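Nothing here was measured: the structure is a model prediction, and the numbers come from that model. Start at 1 and go down the list; that is how both ligands and their atoms are numbered. In this chain, numbering begins with 1 at the start of the sequence shown. Hydrogens, waters and symmetry mates are skipped; everything else that's a heavy atom, side chains included, is used.
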Amino acid sequence: MTSEPLQPLPSKEELLLHVGQLKKELNAVLLAHYYTVPEIQQAADVVGDSLALARSAEKTGADVIVFAGVYFMAETAKILNPDKLVLVPDEYAGCPLADSCSPEEFRQFRLQHPGAVAVSYINSSAEIKALSDIICTSSNAERIIRSIPTEQKIIFGPDRNLGGYLMKKLQREMVLWQGYCYVHEAFSEEYILDACRLHPHALLIAHPECREEVLRHAAFVGSTQALLDFTASSDASAFIVATEPGILFEMQKRSPLKEFIPAPKDLQNPRSVCKQMKQNTLEKLVQCMQNRKPEIVLPEKLRIAALKPIRRMLDLSA
Ligand code: 13P
Ligand code: SF4
């Protein structure tokens, strides 16, 4: 039996071209998070943090939204756009932080604190959003918390590190859900301090999902977008970046002459990576646009319930 000659795999350039054609055919907009691989960011119409991408999803005139990020981000886009087709390259690219907070446990959490306002991080499922009063992202969390009267009790979930950071910064008591992001939780004081000693000219900057033992040494703490803006406007020439290293692509693009050092996870691992964000590949992007699936589908009742606290957030952070 003679076998067919193997077809060469398409190159990155061919795949990028194909994505461009499919976007035109579908009248699609491609939204990508800063933590995706560089070639996905290159293919995207909008690259942003979770708040910017939610805003882009809210405003787009496209018929189809292709979302390269993690599941809750695409789900948020669908909540805001019930009549649009929302596609994801990989439906199994979920956020483990979001997935660690089950609706049953969160319902119990609420019941244990009657009268409290429930503020939930956007890194949560539609079910958790539907059980919450208002949503926040790391970009607008301070503003959202400040908008709540000081005498009002607050419960906050699911990220305990972001919650703890806000409590300290705003001098505000909150009851925290004990979830965390494995990528940011992995940074330890010991290895970060080693990196600071090794690169004394570099400023340490960190995402508030990092532990307090890391945050306390940072020259600047902020959301992915805030970190990016800080590096672009700072006079410093080098930065140790304690967040997901996907953002280094855009940081380097904006400041080609500056040095960006990914914060070390431990001696063997120079960086702590979000595996789920990296599940978005150009091949899967082409496939999902060709097949028009996987698609985000949500029961309408759940969508309407989850929309309310998202809308409150967007109105407050307009
Ligand atoms: P941003 O809101 O900064 O985009 O963060 C999203 C996220 O998943 C952080 O780990
Ligand atoms: Fe979730 Fe952390 Fe990955 Fe962000 S970096 S998507 S919080 S697991």
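- Counting the atoms of ligand 2 from 1 in the order shown, those under 4.0 Å from a heavy atom of Glu209 are 7 (S).
- Distance from atom 2 (O) of ligand 1 to its nearest protein heavy atom, with residue and atom name: Ser50 OG, 2.5 Å.
- The nearest protein atom to atom 7 (C) of ligand 1, hydrogens excluded, is given as Asn123 ND2, 3.6 Å; this is a heavy-atom distance.
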Under the side chain to side chain donor-acceptor pair (under 3.5 Å) rule, what do Tyr34 and Gln225 come out as? Steps first, then yes or no, please.
-> CA-CA 9 Å; Tyr34 286 128; Gln225 186 64 49; 2.8 Å; yes

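- No donor-acceptor pair under 3.5 Å is formed between the side chain of Lys84 and the backbone N or O of Ile65.
- For atom 1 (Fe) of ligand 2, the N/O/S atoms of Cys274 include none lying under 2.8 Å.
- Formation of a donor-acceptor pair under 3.5 Å by the Asn81 side chain with backbone atoms of Ala77 is found in this model.
- Only the side chain of His207 comes within contact range of ligand 1, with a heavy atom under 4.0 Å; no backbone atom does.
- When hydrogens are left out, the protein atom nearest atom 8 (S) of ligand 2 is Pro96 CD, 3.5 Å; that is the closest non-hydrogen contact.
- With hydrogens left out, the protein atom closest to atom 6 (C) of ligand 1 is His33 NE2, 3.8 Å, a heavy atom.
- Counting only non-hydrogen atoms, the option in Leu97, Thr224, Ile247 that gets closest to atom 3 (O) of ligand 1 is Thr224.
- For the pair Ser138 and ligand 1, a heavy-atom separation below 4.0 Å is found.
- Criterion: ILVMFWY side-chain heavy atoms under 4.5 Å apart, direct or through other members. Under it, Ile296 and Leu31 are part of a common hydrophobic cluster.
- For atom 10 (O) of ligand 1, the nearest non-hydrogen atom of the protein is Glu209 OE1, 3.0 Å.
- If you take CG on Leu97 and CZ on Arg160, they are separated by 10.5 Å, rounding to the nearest 0.5 Å.
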Apply side chain to side chain donor-acceptor pair (under 3.5 Å) to the pair Tyr182 and Ser272, showing each step before the final yes or no.
-> CA-CA 9 Å; Tyr182 75 96; Ser272 182; over 6 Å; no

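- Within the 4.0 Å heavy-atom criterion, neither part of Tyr34 lies near ligand 1.
- Shortest contact from atom 7 (S) of ligand 2 to any protein heavy atom: Asn123 ND2, 3.1 Å.
- Distances from atom 2 (Fe) of ligand 2 show that Cys181 has an N/O/S atom below 2.8 Å.
- For Glu127 and Arg107, the salt-bridge test fails: no basic side-chain N is under 4.0 Å from an acidic carboxylate O.
- To the nearest 0.5 Å, the span separating CG on Leu22 from CG on Asn27 amounts to 13.0 Å.
- Of the protein's non-hydrogen atoms, Cys95 SG, 2.4 Å is the one closest to atom 1 (Fe) of ligand 2.
- Checked by atom type, the side-chain pair Asn280/Thr36 shows no donor-acceptor distance below 3.5 Å.
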